[in-house]
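Report on the following structure.
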Amino acid sequence: PTCPLIYLLVYLFHSPTQQEGQKQTMSRGTPAVWLLLVACCALAMTYYWVGMGQDTRLDSGTAPSSVGSSLRRYPFDSRNGGTFNRASRSQQLRKLWEAYHNAVLTAEEQFGSLENITRLHGDRLTDEDVVIAQKQWQQFVKVMPEYDESLFSRNRAIVVSGAAYQMDMLYAMVKMLRFHRCTLPVEVWVSSVRGEVPSDTVVQRFQRLDVEIFDLDELTQGYAKLVEQMHPTDPKEKPYIMKQLALVSANCVQCLLLDADNIPIRNPVGLFEQPAFVKAGLVLWPDFWHLQEGSAPIRAIFELPQDASLKQPDIRSVESGQLLVNKQRAWKALLLATFMQLNTRFFDPLMRQLHHLGGGGDKQTFIFASLAIKQPFHQIETPVASGGRLMSREFCGRSMIQHDFAGKIMFVHANIDKRIFLKRLADSTEWSEDLRVNDVVRRPIVEASWGVRFLLNRACEGGLYVVQVSHDYEEMSLNTTVPTIAGYDYDFERTRYGFIKEYQAMVEQETSIE
């Protein structure tokens with residue numbers, strides 16, 4: 001847009017020919033014109049680099065000196081060129097989940113309830129039970145809804161589910177994304193029935209950051225099987241299914257699913273461009289543990305190798321604090337994973353047989369569903385690391401540290417004992433080194449060769465931590481490693497602290513007004 005202006009200025013400052021046939025010369029104002037030309041070109045190139053160029057790189061270059069001012073002037077493209085009508089799309093999604101619910105009921109009516117098997121035999125399945133479960137999921141796959149491209153007008157987005165009790169962490173995560181100049185829109189899916197919809201003030205603040213908040217209860221209301229898992233009556237059960245429901249419903253073809261307390265240390269947009277993701281359409285990250293080898297009912301149900309002497313593709317556990325998926329490619333796997341979560345009382349005990357911690361929840365549903373229908377996937381090779389502090393010579397791990405395709409740190413997932421962490425932040429008035437919780441990162445040299453245990457430890461301030469007890473690890477400093485990887489100098493934890501305090505101040509101000 002600056003080019004017409006530049007040409008106009010050049011024309012205005014241009015001197016007429018002194019004599020016919022004489023070479024044209026420029027007036028004394030010409031140097032100023034050329035300086036203006038250079039300045040305008042530099043400004044245009046800078047605008048392009050900041051607004052567009054960063055969205056195609058894995059590392060986001062030089063960070064802004066002032067985060068707040070950068071955000072106010074930063075151009076967001078919230079629709080990626082697609083059309084979007086919220087009410088119309090909500091109706092389309094209702095039809096999708098109605099068709100999904102009917103497919104579940106069809107399979108159940110034909111082969112019986114999997115929950116009845118659990119009531120009768122627990123996790124000690126008979127051969128007949130295995131066959132029934134096998135036929136039921138196969139029947140579901142035959143009748144489940146097909147992928148409908150008209151549902152997804154965006155190409156890429158970041159998706160978050162839940163987050164009601166950790167909106168401060170979510171706010172810090174979004175602000176950190178914008179700090180890294182990541183322009184991807186963010187969708188947050190919550191439950192109004194559980195009172196997770198934030199106040200209008202908070203919603204408006206998120207909207208300024210190109211974050212939209214959606215209510216999953218609007219989509220699932222009236223579909224008994226979905227509602228039952230969204231709002232389990234058993235206090236031992238958790239609504240893990242929200243993660244699958246959000247991922248399927250989100251308005252993006254290619255989606256990066258993140259937990260609200262999982263913060264990238266740099267712009268994650270380059271993950272979408274990596275050949276492994278382009279080829280497979282699904283990327284999974286590892287958990288701390290390997291699952292047990294050998295025969296197991298869950299493997300029999302999904303017709304997976306059960307000979308411990310063979311390479312078992314499900315042996316590495318999955319950590320779903322982050323997941324990268326192309327829904328057009330992995331649609332069937334996502335819907336089957338959701339089916340498993342709908343029947344969590346049946347599948348969860350079977351997965352926990354392979355590891356009581358590493359096999360449960362929603363995380364293993366993604367890998368078992370993919371293997372069952374032969375959906376290609378890529379699992380990040382670098383083992384998950386633990387971030388924490390040395391306290392009284394005891395390593396107190398508080399975060400899971402996940403990596404990119406090249407083995408460089410990408411995510412800091414503060415999923416362990418964050419209540420104590422957030423209380424300490426709330427009680428503080430300014431940053432101090434005592435608030436740093438990830439002084440040390442310990443990464444296993446060989447995956448699953450190290451000991452990880454959850455325990456209450458007085459040396460770790462009495463909280464619940466991951467404690468690494470093996471000596472087979474490499475150690476590094478998060479504070480010095482992050483700037484090297486990101487390509488610019490900033491203190492990850494201090495920056496995160498500032499964003500959390502910003503959110504807390506906003507909530508306090510809102511409360512005082514009320």
Side-chain angles (χ1 to χ4, degrees), residues 92-108 111 113-115 133-134 136-148 151-152 159-162 187 189-191 214-232 237-253 255 257 259 281-282 284 298 301-302 318 320-321 323-348 350-351 359-375 377:
Q92 286 182 286
L93 288 174
R94 285 277 301 173
K95 292 179 180 178
L96 168 67
W97 288 116
E98 180 182 13
Y100 183 93
H101 192 255
N102 290 338
V104 172
L105 294 179
T106 297
E108 191 172 282
F111 297 103
S113 169
L114 295 178
E115 194 170 329
Q134 191 177 89
Q136 186 170 135
W137 76 258
Q138 290 172 345
Q139 175 62 25
F140 167 76
V141 169
K142 290 179 182 178
V143 298
M144 68 183 181
E146 295 291 332
Y147 176 80
D148 181 359
L151 277 173
F152 312 110
V159 182
V160 183
S161 68
E187 293 191 10
W189 292 79
V190 297
S191 166
F214 299 91
D215 182 10
L216 276 171
D217 288 308
E218 289 183 2
L219 306 181
T220 59
Q221 185 179 10
Y223 307 134
K225 297 283 288 185
L226 296 173
V227 172
E228 183 181 2
Q229 284 305 311
M230 276 277 292
H231 308 288
E237 296 178 359
K238 296 183 179 181
Y240 289 122
I241 198 169
M242 285 186 67
K243 191 169 289 189
Q244 285 106 331
L245 295 177
L247 194 53
V248 172
S249 301
N251 185 23
C252 48
V253 178
C255 312
L257 178 72
D259 280 0
L282 176 64
L284 306 173
I298 189 72
I301 289 170
F302 291 113
V318 174
S320 58
L323 184 146
L324 188 62
V325 63
N326 182 327
K327 291 196 289 194
Q328 187 174 16
R329 300 276 304 281
W331 182 252
K332 290 184 178 180
L334 287 182
L335 295 196
L336 182 55
T338 311
F339 173 85
M340 292 180 66
Q341 202 62 49
L342 274 179
N343 292 282
T344 187
R345 292 170 188 165
F346 177 79
F347 286 109
D348 194 75
L350 300 181
M351 291 188 291
D362 60 89
K363 50 193 180 180
Q364 289 305 116
T365 64
F366 296 106
I367 192 169
F368 277 116
S370 299
L371 291 168
I373 64 170
K374 296 178 174 54
Q375 161 66 43
F377 65 89

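On a predicted model such as this, the values are computed, not experimentally measured, just so you know.
- Taking the side-chain hydrogen bond (donor to acceptor under 3.5 Å, both in side chains) definition, one finds that Asn343 meets it with nothing, sequence neighbours left out.
- Expressed to the nearest 0.5 Å, how far CG of Leu151 lies from CD of Gln92 amounts to 5.0 Å.
- Ring geometry for Phe368 against Phe302 counts as parallel: the plane angle stays under 30°, on a 0 to 90° scale with 60° as the upper cut.
- Side-chain contact between Leu219 and Leu245: absent, with no pair of heavy atoms (C-beta onward) separated by less than 4.5 Å.
- Residues Val325 and Ala330 come closest through the heavy atom pair CG2-CB, 3.8 Å.
- The shortest distance between side-chain heavy atoms of Ile241 and Asp362 does not fall below 4.5 Å.
- Remark: aromatic rings of Phe152 and Tyr147 are close, center separation under 6.0 Å.
- Judged purely by distance below 3.5 Å, without hydrogens or angles, the side chains of Trp189 and Glu187 pair a donor atom with an acceptor atom.
- Gln134 CD: more than 12 foreign heavy atoms inside a 6.0 Å radius.
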Side chain to side chain contact (heavy atoms under 4.5 Å, CB included) between Ile298 and Phe347, worked out = CA-CA 8 Å; Ile298 189 72; Phe347 286 109; 3.7 Å; yes
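- Here Gln229 contributes atom CD and Arg345 contributes atom CZ; the two are 6.0 Å apart, rounded to the nearest 0.5 Å.
- With ring centers used as reference points, Tyr100 lies under 6.0 Å from Trp97.
- One finds the CG atom of Leu334 at 8.0 Å from the CD atom of Gln375 (value rounded to the nearest 0.5 Å).
- The main-chain N or O of Ala246 is never found under 3.5 Å from a side-chain atom of Ser249 such that the two would form a donor-acceptor pair.
- Leu114 and Phe346 make their closest contact through O-CD1, 3.5 Å (heavy atoms, listed as atom of the first residue, atom of the second, distance).
- To the nearest 0.5 Å, atoms CG (Leu336) and CD (Gln138) are separated by 10.0 Å.
- The nearest pair of heavy atoms linking Ile301 to Trp137 is O-NE1, 3.0 Å.
- Atoms CG and OG, on Leu216 and Ser161 in that order, are 8.0 Å from each other to the nearest 0.5 Å.
- The closest side-chain heavy-atom distance from Met340 to Gln244 is not below 4.5 Å.
- Heavy atoms only, all atoms of each residue included: Pro232 and Lys238 are closest at CG-C, 4.2 Å.
- When all heavy atoms are compared, the tightest approach of Pro145 to Leu96 is CB-CD1, 3.8 Å.
- Asp217 places a side-chain heavy atom less than 4.5 Å from the side chain of His231.
- Using a 4.5 Å cut-off on side-chain heavy atoms (C-beta onward), His101 and Val104 make no contact.
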In sequence, state the C-alpha distance, the side-chain angles, and the governing distance for Glu108 and Lys225, and then conclude on salt bridge (charged side-chain N to carboxylate O under 4.0 Å, His left out).
-> CA-CA 11 Å; Glu108 191 172 282; Lys225 297 283 288 185; 3.0 Å; yes
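- Applying the side-chain hydrogen bond (donor to acceptor under 3.5 Å, both in side chains) criterion to Trp331, with sequence neighbours excluded, gives no partner residue.
- In this structure, CZ in Phe377 is found 13.5 Å from CZ in Arg329, a value given to the nearest 0.5 Å.
- A donor and an acceptor atom, one from each side chain of Glu237 and Thr344, are nowhere located under 3.5 Å apart.
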Side chain to side chain contact (heavy atoms under 4.5 Å, CB included) evaluation trace for Leu282 with Leu324 | CA-CA 6 Å; Leu282 176 64; Leu324 188 62; over 6 Å; no
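- The main-chain N or O of Leu247 is found under 3.5 Å from a side-chain atom of Lys327 such that the two form a donor-acceptor pair.
- Considering only heavy atoms from C-beta on, Val160 stays 4.5 Å or farther from Asp259 through its side chain.
- Between Val190 and Phe214 the shortest side-chain heavy-atom distance does not fall below 4.5 Å.
- Contact record, Glu218 with Arg94: O-CD, 3.0 Å, taken as the closest heavy-atom pair.
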